[in-house]
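Okay, so here's the structure we're looking at.
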Amino acid sequence: AGPWSRISAETIQVDEQLKTWMLEERSQYLENQGIVTAKQEQLSRFLSELLVECALPAPWQFCRDENQIVFFWNQNTNETSWV
């Protein structure tokens, strides 16, 4: 499978306020993407704080599933990317 999947648009809960994306979740995202390592704490914190201020490019939306797991949803293609 991989990080991409398709889900029903009716089941998606869009979170309009990216500020609910917790610092720990943003840091984990940066590590998972290979942008920083666990040893780069200051860089990770700096980039994590920047992420909360950045808008996602259209048509992507910030969402949480029923278990409060963060994912991104492309409302045009119905693709998802899970953090």
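Positions are given from 1 along the sequence.
Shortest non-hydrogen contact noted between Glu25 and Gln68 is OE2-O, 4.1 Å. Summarising the geometry of Gln40 relative to Ile35, their closest heavy-atom pair is OE1-O, 4.3 Å, with the distance given to 0.1 Å.
Counting heavy atoms from C-beta outward, Leu51 and Tyr29 have side chains that approach closer than 4.5 Å. At a threshold of 4.5 Å between non-hydrogen side-chain atoms, the residues Trp82 and Phe72 do not count as touching.
For the atom pair Asp65 CG and Phe71 CZ, the distance stands at 6.0 Å (nearest 0.5 Å). For the atom pair CE (Met22) and OG (Ser27), the distance works out to 11.0 Å, reported to the nearest 0.5 Å. Atom CD of residue Glu41 and atom OG of residue Ser48 lie 11.5 Å apart, to the nearest 0.5 angstrom. Between the OG atom in Ser81 and the CD atom in Gln33 there is a gap of 6.5 Å [rounded to 0.5 Å].
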Query raised in the report: Under the side-chain contact (heavy atoms from CB on, under 4.5 Å) criterion, do Val36 and Leu47 qualify, and how do the steps go?
Result: CA-CA 9 Å; Val36 298; Leu47 293 175; 3.9 Å; yes
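Legend: residues meeting salt bridge (charged side-chain N to carboxylate O under 4.0 Å, His left out) with Glu31, ordered by chain and number and at least two apart, are absent. Applying the side-chain hydrogen bond (donor to acceptor under 3.5 Å, both in side chains) test to Glu49 and every residue at least two apart in sequence or in another chain returns Arg45.
A side-chain donor from one of Trp73 and Asn78 sits under 3.5 Å from a side-chain acceptor of the other.
Applying the ring-ring contact (aromatic ring centres under 6.0 Å, His included) definition to pairs two or more places apart or across chains, none involves residues 36-58.
Leu23 and Leu30 are members of different hydrophobic clusters when ILVMFWY side chains are connected at heavy-atom separations under 4.5 Å.
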